[in-house]
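Here the structure comes first, spelled out in structure tokens, and everything after it is commentary.
Just follow the structure's listing: the first ligand is 1, and inside any ligand the first atom is 1.
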Amino acid sequence: MMDDNRILIAGAGPVGYAAALNLAHYGIPFTLLEGDATILDDPRAGTIHPPTLEMFARLALTGTLNDHGYIVRNYHYRDRKTGLVANFNLGVLSNDTPYPYRLMLEQHKVSSIIDNALKNYKNHEILRKHRVTEVEQDNHIVVVKVETPNGPTIFRGRYLIGCDGGRSQVRKFMNVNFEGFTFPERFLVVTTPYDFEKVGYAFTNYVSDPEEWCALFKVPGLDEKGIWRVVFPTNPDLTKEEIFDDQNIEARLQGFHPKSNSFPVVHRNLYEVHQRVASCYRDDRILLAGDAAHINNPLGGMGMNFGFHDVFNLTEKLAAIWFKNGDEKLLDLYDRQRRTVAEEYLQRQTIENKKNLENKNPEARKKFHGELREIVADPDKARTYLRRAAMIEGIERAAAII
Ligand SMILES: Cc1cc2nc3c(=O)[nH]c(=O)nc-3n(C[C@H](O)[C@H](O)[C@H](O)COP(=O)(O)OP(=O)(O)OC[C@H]3O[C@@H](n4cnc5c(N)ncnc54)[C@H](O)[C@@H]3O)c2cc1C
């Protein structure tokens with residue numbers, strides 16, 4: 001049992017784990033409280049952007065991440081009817097980052113890799129089947145009530161970081177709103193071993209269509225032999241059973257890429273899609289990060305990356321407070337920096353990505369596709385565009401906020 005001079009983290013998703021590894025690296029004792037018994041492997045984040053790889057390099061983790069993922073140096077913007085629109089080459093970012101590529105690696109593997117890395121550090125505990133139910137604080141301490149298999153118990157710490165996802169329980173005990181909206185349609189993710197590379201697709205593809213856009217990615221998969229995820233919007237009037245119906249799924253895949261035999265399907269998953277940002281990331285000793293602080297649609301592969309950027313920022317400030325008697329106003333700066341970019345950048349960009357893919361106006365679509373063709377034909381324009389899409393611009397904007 002650790003003493004109260006520690007930081008509590010609620011939620012061992014990828015963001016909670018990244019917060020934990022940073023604290024371990026700084027030498028700050030912590031307790032990571034996770035409700036679930038194991039790391040869930042449902043198909044969510046699979047894309048890691050250059051600034052995230054730069055940050056994990058500080059923790060000597062990027063090499064291991066690279067070893068398990070696919071290094072993807074180009075991606076396609078396509079149209080379902082006209083085919084390839086633009087082939088984005090991330091090499092134009094080679095003066096901006098040592099990692100001018102997207103790393104395709106599933107989020108549960110990132111969590112497992114961090115879990116393993118934490119074994120090299122002392123002064124922490126990771127407690128599974130420990131679900132945070134209530135939170136209280138005074139001027140000195142945060143007290144967290146936790147449900148465990150042996151009944152309720154209490155943990156105390158100097159600060160609490162709520163990394164407990166979009167439905168954050170921690171957030172409910174803070175004086176904040178979770179403002180924004182939920183899309184009427186849910187997103188269906190179908191996973192198939194069918195090899196789309198042999199029919200011309202890149203490892204990452206955004207495919208626009210006024211009726212049924214889709215996004216297509218290759219990730220290593222459980223056996224690391226490669227598996228493809230296809231993301232489709234769904235009709236809000238259909239039930240989950242109707243959406244998951246074999247014939248419906250086959251019809252969607254055949255509609256996207258007709259072929260003579262049927263598609264093998266290994267998984268089907270359905271996600272609600274929201275665009276929301278917490279009205280403040282700090283309530284005195286309680287802080288929010290990751291999906292607990294902001295949620296967005298997955299087009300562009302940004303949510304988890306953004307959460308990582310939150311905790312690298314936050315833990316640096318906590319370390320300054322912990323070891324150098326830094327002013328707690330640093331925690332307000334964390335809120336200003338990260339919340340501002342979540343609103344100005346993460347929300348704006350992901351909403352725009354979705355609008356562009358589903359745009360029903362033929363003239364506007366033609367114009368947008370023409371713009372993308374111009375961008376990829378001009379290295380300066382491509383660099384400006386990709387600095388934003390690869391999340392470099394957002395980091396620089398946050399750093400400029402004082
Ligand atoms: C289809 C899809 C594709 C995506 N693709 C990408 C992508 O390519 N790139 C990207 O950056 N992002 C992507 N995202 C977003 C990404 O999945 C999320 O941003 C990411 O999971 C956020 O991580 P997190 O740790 O903040 O929250 P979560 O992953 O939700 O983890 C929260 C953790 O907290 C635990 N928890 C919850 N409540 C409690 C409690 N009361 N007490 C204790 N523990 C609790 C949960 O069990 C969970 O382990 C995608 C999302 C979807 C749906």
**Request:** Might you list the protein residues in contact with ligand 1, defined as having a heavy atom under 4.0 Å from one of its atoms, sorted by chain and number?
**Result:** Gly11, Ala12, Gly13, Pro14, Val15, Leu33, Glu34, Gly35, Asp36, Pro43, Arg44, Ala45, Gly46, Thr47, Gln107, His130, Arg131, Val132, Cys163, Asp164, Gly165, Gln169, Val189, Tyr271, Gly290, Asp291, Pro298, Gly301, Met302, Gly303, Met304, Asn305
Report all side-chain donor-acceptor pairs from residues 144-151 shorter than 3.5 Å, counting only partners two or more places apart or in another chain.
{"unit_1": "Thr148", "atom_1": "OG1", "unit_2": "Asn150", "atom_2": "N", "d": "3.1"}
{"unit_1": "Thr148", "atom_1": "OG1", "unit_2": "Gly151", "atom_2": "N", "d": "3.4"}
{"unit_1": "Thr148", "atom_1": "OG1", "unit_2": "Gly151", "atom_2": "O", "d": "2.6"}

**All side chain to side chain contact (heavy atoms under 4.5 Å, CB included) counterparts of His267, not counting sequence neighbours** = Thr191, Asn269
**Message:** Please list all pairs meeting ring-ring contact (aromatic ring centres under 6.0 Å, His included) that have one or both residues in residues 79-104, counting only residues at least two apart or in different chains.
**Reply:** Tyr75-Phe88, Phe88-Tyr385
**Pair Phe187 + Trp213: ring centers closer than 6.0 Å** = yes
**Request:** Please determine, by modelled atom types, if Glu224 and His68 share a side-chain donor-acceptor pair under 3.5 angstrom.
**Result:** yes
**Item:** Salt-bridge contact Glu352-Lys355 (side-chain N to carboxylate O under 4.0 Å)
**Value:** no
